[in-house]
Amino acid sequence: MSLHDWINKDIVCSCGRTHRCDIEHVVVEKNALARLPECLAKYNHILLVADENTYPLCGEKVRELLGAKIEQFCLLTTEPGEPHIVPNETAIGAIEQSLTDETDLILGIGSGVINDLCKYVSFYHHIESGIIGTAPSMDGYASSGAAMILKGMKVTATTHAPTLIMGDTDILCNAPIGMIRSGYADIIGKYSALCDWKLSALINNEYFCQEIYDLVMDRTNLIRSLAKDIRDRKPEAIEELMLDLVLIGACLTLVNSTRPGSGSEHHLSHYFEITGLIYGEPFFFHGTDVGYATIVTAKLREEVRALAEPTFSTLSDETREKCYQKIYSHLWTEIRDLQNEAGRYANPVNEIYKEKWAEVVAILNECPTADEIATMLTDCDFDLSLFEAQYGRKKIRNGVWFAKDLKDRYSVLWLYDAIFCGEKEAAEILA
Ligand SMILES: [Zn+2]
Ligand SMILES: [Zn+2]
């Protein structure tokens, strides 16, 4: 089945729901740009958004193809000291300044950040957005969320999916190799996300759709088999990578949940990004962090599933709050409040773990081992030593205990915490 079997139609599903995801045009192929005039025929007042890196890739070509339909142009420039465009108030303001009363489409040229900015501004101004993707770097193209940095904090804003997603193979194949690898690793992370989804369905009775689960699993296996061709930038493999990044992003809309695409490995990647922002420390591209974190969460599953039966540790609220302060600095009260509201610490599910232990282990066994995930990454030329070199053992360990607290989302991190995190472990963090 192709991507087009899953979008722009009602899918009556065995899970009991009817799924739907509308994205009017997804065009990923060689010379895709030539189809721009046809795909955007109904728009006449387009605002084009690009940055200094993406405009030279195809900006002039897009102008040539769309002619007078492009009425406004916004070239985003990086702020002093920043290597990339930051999706913050400054960038939002720059795009808003270029809007007119007549603007009917914001068309971005770029990848994650530009797409998120275009989705964000278009959503709040009740117009549509489109994206000409310049790198197969992450799975957010089709999603309705926009990852923004607002008031210095990373937030996922609820916006809308673009109406057009275009990927021209010639441009995608020439993207920086680090961005291509990042897209590949974002998909490898689905082994972890899917396992967390199934585990949560068992433990929390959370909604689960076998068909979407199978779809994402099939696509993840396919991309895994293409690792070397993706590394070598073979056009057919890069095209498949881009299509599957779009499809998996669309799956989040299909089930109206981030479950098919994001679990403990994404929580860890958010932890590296947020602590990086708090302390001015470096972090990797989103997908790259996800890939490395997938090795970490696979290791946790191995530790847990080796137990014949679970025994449990606890941490006092007081110690936990001290750990929050140590790890999250001024954000700690927000995290405490989020967890108080979520109530997972107040309502442990230890009895359910005990009762369903055989099923828990069976689900954890479905996830590839840490060694297998490591091989998937090295097949695409990842240097595994860079992960620990960048973050150090302690920071990684702190994330294993407390990345889960950034979200109200169950994952294997909660199970691992319930079994292994006690006062002794917390003392190491606080030392
Ligand atoms: Zn379903
Ligand atoms: Zn991701």
Side-chain angles (χ1 to χ4, degrees), residues 2-3 6-7 19 21 23 26 28 87 108 110-116 118-119 129 131-148 154 156-162 164-167 172 175 178-197 212-213 215-224 226-227 230 237-270 273 284-294 297 373 376-377 380 409:
S2 82
L3 180 134
W6 293 92
I7 59 174
H19 303 302
C21 174
I23 306 169
V26 178
V28 179
S111 56
V113 171
I114 298 231
N115 188 34
D116 285 342
C118 292
K119 285 192 279 189
S129 76
I131 183 77
I132 298 166
T134 52
S137 54
M138 46 83 233
D139 65 4
Y141 280 110
S143 81
S144 56
M148 308 296 290
K154 186 187 161 75
T156 304
T158 303
T159 62
H160 54 191
L164 164 89
I165 300 172
M166 188 164 268
L172 298 175
M179 295 185 90
I180 294 174
R181 273 198 214 119
S182 174
Y184 169 81
D186 204 6
I187 291 193
I188 293 303
K190 307 315 171 205
Y191 286 116
S192 168
L194 291 174
C195 188
D196 283 335
W197 190 13
I212 298 294
Y213 175 98
L215 171 65
V216 175
M217 186 62 91
D218 285 351
R219 294 303 161 139
T220 304
N221 288 334
L222 173 67
I223 292 300
R224 170 190 189 176
L226 295 174
I230 289 169
I238 295 291
E239 196 175 300
E240 190 62 53
L241 174 62
M242 182 69 174
L243 279 169
D244 287 334
L245 287 165
V246 173
L247 175 58
I248 291 172
C251 283
L252 312 194
T253 306
L254 288 171
V255 295
N256 197 18
S257 154
T258 57
R259 279 295 182 191
S262 159
S264 47
E265 73 302 326
H266 271 74
H267 302 164
L268 268 167
S269 86
H270 293 159
E273 193 175 343
F284 295 110
F285 284 133
H286 166 79
T288 302
D289 263 334
V290 167
Y292 287 135
T294 302
T297 63
I373 302 280
M376 294 176 208
L377 295 183
C380 200
R409 256 301 192 241

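Distance check: Thr253 OG1 to Ile7 CD1 gives 10.5 Å after rounding to the nearest 0.5 Å. From Ile188, atom CD1 reaches atom CG of Asn221 across 8.5 Å, with rounding to the nearest 0.5 Å. A distance of 4.5 Å separates CG in Leu222 from CD in Glu240, rounded to the nearest 0.5 Å. Atom CG of Asp139 sits about 8.5 Å away from atom OG of Ser262, to the nearest 0.5 Å. How far CG of Leu215 is from CG of Leu254: 8.0 Å, rounded to the nearest 0.5 Å. Taking CG of Leu377 as the reference point, atom OG1 of Thr288 lies at 9.0 Å (rounded to 0.5 Å).
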Evaluation steps, side-chain hydrogen bond (donor to acceptor under 3.5 Å, both in side chains), between Thr294 and Ser192
CA-CA 6 Å; Thr294 302; Ser192 168; 5.2 Å; no

Steps toward side chain to side chain contact (heavy atoms under 4.5 Å, CB included) verdict (Cys118, Ile114):
CA-CA 6 Å; Cys118 292; Ile114 298 231; 4.1 Å; yes

Ile223 vs Leu241, test: side chain to side chain contact (heavy atoms under 4.5 Å, CB included). Steps then yes/no.
CA-CA 7 Å; Ile223 292 300; Leu241 174 62; 4.2 Å; yes

Between Asp289 and His270, does a side-chain hydrogen bond (donor to acceptor under 3.5 Å, both in side chains) hold up when you go through it step by step?
CA-CA 9 Å; Asp289 263 334; His270 293 159; over 6 Å; no

Carefully, step by step, assess Glu239 and Leu172 under the rule side chain to side chain contact (heavy atoms under 4.5 Å, CB included).
CA-CA 8 Å; Glu239 196 175 300; Leu172 298 175; over 6 Å; no

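Using a 4.5 Å heavy-atom threshold, the side chains of Leu252 and Pro260 count as touching. Side-chain contact check for Asp196 versus Arg409: every heavy-atom pair is 4.5 Å or farther apart. Counting heavy atoms from C-beta outward, Ile187 and Arg219 have side chains that stay 4.5 Å or more apart. Residues Met138 and Leu245 fail the side-chain proximity criterion, which asks for heavy atoms closer than 4.5 Å. At a threshold of 4.5 Å between non-hydrogen side-chain atoms, the residues Tyr213 and Val255 do not count as touching. Residues Glu273 and Phe284 fail the side-chain proximity criterion, which asks for heavy atoms closer than 4.5 Å.
Looking only at distances, a side-chain donor or acceptor of Tyr184 sits under 3.5 Å from a matching main-chain atom of Met376. Judged by distance alone, the side chain of Asn115 and the main-chain N or O of Tyr141 form a donor-acceptor pair under 3.5 Å. Lys119 places no side-chain N or O within donor-acceptor distance of the main-chain N or O of Ser129, the cut-off being under 3.5 Å. For the pair Arg181 (side chain) and Cys380 (backbone), a donor-acceptor distance under 3.5 Å is present. At distances below 3.5 Å, not a single donor-acceptor pair connects side-chain atoms of Ser269 with backbone N or O atoms of His286. Glu265 contributes a side-chain N or O that, together with a main-chain N or O of Ala193, makes up a donor-acceptor pair within less than 3.5 Å.
The two residues Ala142 and Ala161 come nearest to each other via the heavy atoms O-CB, 3.3 Å. The two residues Ser111 and Ala135 have their closest heavy-atom pair at CB-O, 4.1 Å. Between Ile230 and Ile238 the shortest heavy-atom distance is O-CD1, 3.8 Å. Scanning all heavy atoms of the two residues, the minimum distance from Lys190 to Gly261 falls at NZ-O, 2.9 Å. Nearest approach of Pro87 to Ala147, heavy atoms of both residues: CG-O, 3.7 Å. Looking at every heavy atom in both residues, Ile23 comes nearest to Pro162 through CG2-O, 3.4 Å.
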